[in-house]
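Before any comments, here is the structure.
Positions are given from 1, in the same order as the sequence printed here.
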Amino acid sequence: MTNPNPIKPETKPESPKATNPFAAFMPAFDIGALTAQQQQFATLWSDAMTRAHSAAEQFATFEKDMIVRAQGAVATWAQLAQDAIGYAGQLSTEARKLSVDAAKKMTSH
């Protein structure tokens with residue numbers, strides 16, 4: 001006679017495999033990749049500082065040129081102002097002479 005409910009050998013339930021929930025992020029923490037990223041960043045930063053230094057030197061050159069031009073313009077304006085004042089003085093002198101001459105002519109007739 002056969003047993004309708006045969007005894008099954010006892011099987012152990014499989015324990016869940018331990019999965020790392022951070023496995024997707026682990027490539028970012030790869031030491032080799034991190035070192036490469038640091039080197040790339042250092043190169044990028046060094047290049048940026050070189051460009052910034054070059055730009056600052058160019059700006060200093062432009063600034064010097066601008067100062068020289070501004071000083072030249074101010075000197076030109078000052079000369080023009082002095083010339084204008086001198087010319088105004090000449091015109092005033094001539095106007096006085098003409099006024100005196102006109103007054104003399106009016107009184108002599």
Side-chain angles (χ1 to χ4, degrees):
M1 195 157 131
T2 61
N3 189 354
N5 292 327
I7 298 176
K8 295 181 181 175
E10 194 174 306
T11 57
K12 293 183 180 180
E14 290 185 27
S15 62
K17 291 185 180 179
T19 58
N20 185 352
F22 303 106
F25 300 104
M26 291 312 287
F29 296 108
D30 180 21
I31 295 300
L34 184 60
T35 302
Q37 288 171 354
Q38 287 175 336
Q39 289 173 347
Q40 289 172 347
F41 182 77
T43 301
L44 176 72
W45 187 257
S46 175
D47 292 347
M49 289 296 102
T50 301
R51 285 191 301 274
H53 183 65
S54 175
E57 287 177 347
Q58 266 186 331
F59 184 77
T61 301
F62 294 149
E63 187 178 41
K64 286 177 187 175
D65 292 344
M66 192 171 46
I67 288 171
V68 168
R69 288 181 185 162
Q71 288 173 335
V74 168
T76 301
W77 294 338
Q79 184 62 48
L80 289 171
Q82 288 178 351
D83 292 347
I85 292 169
Y87 185 63
Q90 290 174 354
L91 290 176
S92 178
T93 301
E94 290 297 319
R96 273 194 312 276
K97 284 181 187 178
L98 289 173
S99 297
V100 169
D101 288 345
K104 282 180 185 179
K105 285 183 184 179
M106 285 178 27
T107 57
S108 65
H109 288 302

[Y] backbone acceptor or donor facing [X] side chain under 3.5 Å:
X   : Y   : answer
T93 : G89 : yes
T43 : Q39 : yes
S46 : A42 : no

N/O donor to acceptor pairs below 3.5 angstrom from side-chain atoms of residues 59-69, sequence neighbours left out:
unit_1	atom_1	unit_2	atom_2	d
T61	OG1	E57	O	3.1

May I ask you to test the F41-Q38 pair for a side-chain heavy-atom distance under 4.5 Å?
->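 Side-chain contact under 4.5 Å: no.
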ILVMFWY clustering at 4.5 Å (side-chain atoms), partners of W77 | V74
What's the spacing between S54 OG and M49 CE if we round to 0.5 Å?
-> 12.5 Å
Out of curiosity, L91 CG to R96 CZ, how far, rounded to the nearest 0.5 Å?
->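 CZ of R96 is found 11.0 Å from CG of L91.
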